[in-house]
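Residue numbering restarts at 1 for every chain, and letters A, B, ... go by the order of the sequence lines.
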2 protein chains.
Amino acid sequence: MGKTYLFAPGPTPIPPKVLLAMAKPIIHHRIPQFRMLFKGVLEDLKYVFQTQQPVIVLASSGTGAMEAAVSNLLSPGDKALVVRGGKFGERWAEICKAYGVDPVNIDVEWGKAVDTGLVEEAFEAHPQAKVLMWQASETSTGVRHPTKELAALCQQYGALSVVDGITAIGVFDVPMDEWGLDVVVSGSQKAFMLPPGLAFIAMGERAWEMVQGGRCPRYYFDLEKERKSQEKGDGAYTPAVSMIMGLRASLDLIKDEGLEEVFARHALLARATRESMKALGLELLAPGSPSDAVTAIKVPPGIDGTAMISTLRDKYGITIAGGQSQLKGKIFRISHMGYVSKADILLVVGMVEVVLRELGYAVDLGKGVGRAEGILFSE
Amino acid sequence: MGKTYLFAPGPTPIPPKVLLAMAKPIIHHRIPQFRMLFKGVLEDLKYVFQTQQPVIVLASSGTGAMEAAVSNLLSPGDKALVVRGGKFGERWAEICKAYGVDPVNIDVEWGKAVDTGLVEEAFEAHPQAKVLMWQASETSTGVRHPTKELAALCQQYGALSVVDGITAIGVFDVPMDEWGLDVVVSGSQKAFMLPPGLAFIAMGERAWEMVQGGRCPRYYFDLEKERKSQEKGDGAYTPAVSMIMGLRASLDLIKDEGLEEVFARHALLARATRESMKALGLELLAPGSPSDAVTAIKVPPGIDGTAMISTLRDKYGITIAGGQSQLKGKIFRISHMGYVSKADILLVVGMVEVVLRELGYAVDLGKGVGRAEGILFSE
C-alpha cells in the first residue's frame, strides 16, 4: 500500500490546498499580479510574527535567515552572547565565527532551558556584547527557552535580542512587538506548512539602525536592499514565486483558524503527546520546559533507538526524527507542528507502542493512546 | 477567460509533470528515500552540465550561487576580471565589491559580445587577476559571450574561468569539461523548467583547490561543506525537498529528449523568433552574437515599449519581458527557454504583431508568423 505519514520537525506535512496552490501555472515576478500577491503575503506575515515591523522573505532555508541576522547586524570583532543548548544554538555560534564575530557561549545541558541567571552573569562579564542570540524553540532537544525573560534582559543590558523562531513562530505565542524582540527568524517548512525553501526575518527599528553600521560582507542576504525592494512587492533577486503562491494559501489557513486557536491546537497536541509517552513509562528529554513544536523522548534502556526509527519508517511508513549530534540514538522526536490533527497523534502514539513492543519494550498496548484520547477529546 | 502565457526569461513555464511531482506529499530529507533521489539528481545534473565534477545544489536563487563562487574562491584584495555587458555582468562586479574583491571591469556595450582582444589586454594589464567572470548568456541583453574562447584565454593566463550559465546550461552547448571551465553556475527557473528557488554550481579541481585558500566569510553558501554533505545524498542545511522532487521530473524530461536535441530545439526556436522579428522590420539588439535563450528586440521608434508589454500582458495574457536598467522601455525580450514549443512561438509572434499594430506600428499581419512557420516547420 505504501501509505506514509510525516511526523518529523520539518519538513512537516503540507495541506492539499497549499500543494495545489504551488502546482498552479507559474507567473512572472515583475508584474502587478505578483506584486499584489507578494505585498499581501508580507502584510499577513506581520500578523503571524505579531509585529508592525517589516518581515523580509528570503529564498533560502532557515539557516540563510540566521546568517542574514549575523552578517547584517554585526561586524568582525563584535561580541555576541549565544545560548548554546542544542544543535541550533551551536549554529548561531558557528555563523558568528564564520564572520569573525566573537561568540560568548552560554552552554546549556541539552534538554534544559537556559537559566536566566547565567545569561545575566554573561551580560555582566561582557557588557560590550551587542546581541544575545537564542532559540525560542530548540528543535534538536524540544526545549522552549524563556524568550520573554531573555528579551527583558536584553533591554536591561542594552543588547539586541536575536531570536531563532524557526520552530516557534506559528506554534506558540512569541509576540515580537509586545516583548520588544529585535530580530525574529523563521522558515517555511515548519508551522507555515510549506516545503523548505523560504526563510523569514522580521526586524525592529533598533535592528535596522544597527544594520547601517554592520561591516560584514553580504549580497544575496542584504536585508536593507531586500526591504526596499519588497516594500514595492518586488525582490532584489528572483523570489521563489511558487513557494510564495503556496505561502498565500497557508497564511489563509492560519488566518482562518486564528493565531490563538493555532497556538491552542499546538499546545493541546503537544501535551497529549507528552502525557501519552509518560503513560508508557517513557521519559521526556525536556520535561521542565518543553516546546509545543516537537516532543523529544528518551529511548528506553535496552532499546535500539536507530532500529526504532527505521522500523517505524521502513516497515510502517511513519517518519519521526531521531536525535542529532550527541543525542543520536538516545532520543526520538515526534513533531506536532503545522498540519497535524488530533487523530494523527493517536496514530503516531499507537505506532510507537507497536514498534516499541516489537523491539522488546514492555508496552501495555493502547495505554499511551488512551491517555492521548483522554486529553485530546474529553477535556 | 483569463488564459495566460509566459515568455519571460525566468521563471519559464513549468511542465505539468514537474508541477505534479512537486505537488506530491513531501518527504523528510534525512531518510534513505530522499538520499537516493538526491544522489540520482546530482548525477544527472552532471550530464546537463557536461562534467564529471560534482554539481552542488543550493536552496537559493541563481544569485546565491554567483555569490558562492565569489565568497568561496576569492579573498579580500584579490583582483577579478569581469566582463560587464549587462545587468548580470554588473552583478558579478557588485558581488566582488561586497566581499572586498577588486573587480577590473571590462565594459562592453549592452547588446554586444565581449571582444576577446579586450580581455587579452586586461589580462596583460592585470597579470595578478585570479579569475575571469562572465555570462555565457547575458539575460538582460540576449547576448551570447564567446565562452570557449574566454576559457582558452583563462588557461593561457593562468586564471580561473567563472561562468554564469544561468540562461545557458540546458539551452546551448557549454561543455564544461571539454572547454576546461572551472566554475559554472545555473538556476532552476530557466532551462530546468522549475520554479525559482534552486541554484546550481559545478566546480573543477583547480577551483576546489582555490577554495582552500579563500578567506571570505561564508556559512550558508559554504561549498566545501555542501559538497561533503551532498556526496552522501544529504545537504548541510535543509534542502528544498519539493523542488528537488520537481528537478527529478525535469531531468527526466531533459534526458528523454537528449541534450543535443534540447540544444537543437532552442537554436531553432531562437532563430525563428529572430527571423520573424526581422521580417516585421524590427531590429535585434544583439544581431551579432545572440543567445538562444532569449531574443531582445528594439522597440521601434515612435512605439511606447512599456505600453507594448503591458498591453500584451493585461489585455491578452501574454507575459514577455522589457528591458532592464539602461534598456528600460527600449527593448522587449521573448524567451524561448525550457518548456516552449514551436507552436508557442507562432502564438507569441502573432500577438506581438497584433499589439504592435494596435499601438500604431505598420505591421503586415502574419508576415512574422509566416517567416517563423517557414523556419520551424518547413526546413
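- Between chain A and the options B:A23, B:S188, B:G197, B:S71, the largest number of non-hydrogen pairs under 4.5 Å is found for B:A23.
- When heavy atoms are compared at a cutoff of 4.5 Å, B:R91 approaches chain A by way of both its backbone and its side chain.
- Interface remark: B:I27 contributes backbone atoms only to the contact with chain A (heavy atom separation under 4.5 Å).
- Identified under the side chain to side chain donor-acceptor pair (under 3.5 Å) test for residues 2-24 of chain B, with sequence neighbours left out: none.
- Here the closest heavy-atom approach between residue B:E138 and residue B:S140 is recorded as OE2-OG, 2.5 Å.
- Side chains of A:S137 and A:Q135: a donor-acceptor N/O pair is absent below 3.5 angstrom, by distance only.
- The minimum heavy-atom distance between B:V82 and B:P103, with the atom names listed, is CG2-CB, 4.1 Å.
- Contacts with chain B were tallied for A:Q33, A:E94, A:Q189, A:M66; A:E94 has the most, counting heavy-atom pairs under 4.5 Å.
- A donor-acceptor contact shorter than 3.5 Å links the side chain of A:Q230 to the backbone of A:V57.
- Minimum interatomic distance between A:A296 and A:I331 (heavy atoms only, all atoms of both residues): CB-CD1, 4.1 Å.
- Applying the side-chain contact (heavy atoms from CB on, under 4.5 Å) criterion to B:A80, with sequence neighbours excluded, gives B:L74, B:C96, B:V101, B:V131, B:M133.
- In this structure, chain B has a heavy atom under 4.5 Å from the side chain of A:T319, while its backbone stays farther away.
- If you look at B:F221 and B:Y237, their ring centroids are not closer than 6.0 Å.
- Taking every heavy atom of both residues into account, B:V211 and B:L73 meet most closely at CG2-CD2, 4.0 Å.
- In this structure A:P15 satisfies the side-chain contact (heavy atoms from CB on, under 4.5 Å) test together with A:V18, A:M193, A:L253, A:Y339, sequence neighbours excluded.
- Each of A:E67, A:M22, A:R218, A:R30 has some count of heavy-atom pairs under 4.5 Å with chain B, and the biggest count is that of A:E67.
- The choice from A:L20, A:L6, A:T63, A:L58 that makes the most heavy-atom pairs within less than 4.5 Å of chain B is A:T63.
- Using a 4.5 Å heavy-atom cut-off against chain A, the contacting residues of residues 239-249 of chain B are B:P239, B:A240, B:V241, B:S242.
- Looking only at heavy-atom pairs under 4.5 Å with chain A, the residue among B:G322, B:P13, B:A68, B:A59 that has the most is B:A59.
- Of the two parts of A:A236, only the backbone, made up of N, CA, C and O, holds a non-hydrogen atom closer than 4.5 Å to a non-hydrogen atom of chain B.
- With respect to chain B, the highest number of heavy-atom pairs below 4.5 Å among A:S60, A:P32, A:G187 belongs to A:S60.
- Interface check for chain A: of the options B:P195, B:G10, B:S61, B:A98, the most heavy-atom pairs under 4.5 Å are formed by B:S61.
- Of the two parts of A:I26, the backbone and the side chain both hold a non-hydrogen atom closer than 4.5 Å to a non-hydrogen atom of chain B.
- The shortest non-hydrogen separation linking A:R313 to B:I31 is CD-CG2, 3.5 Å.
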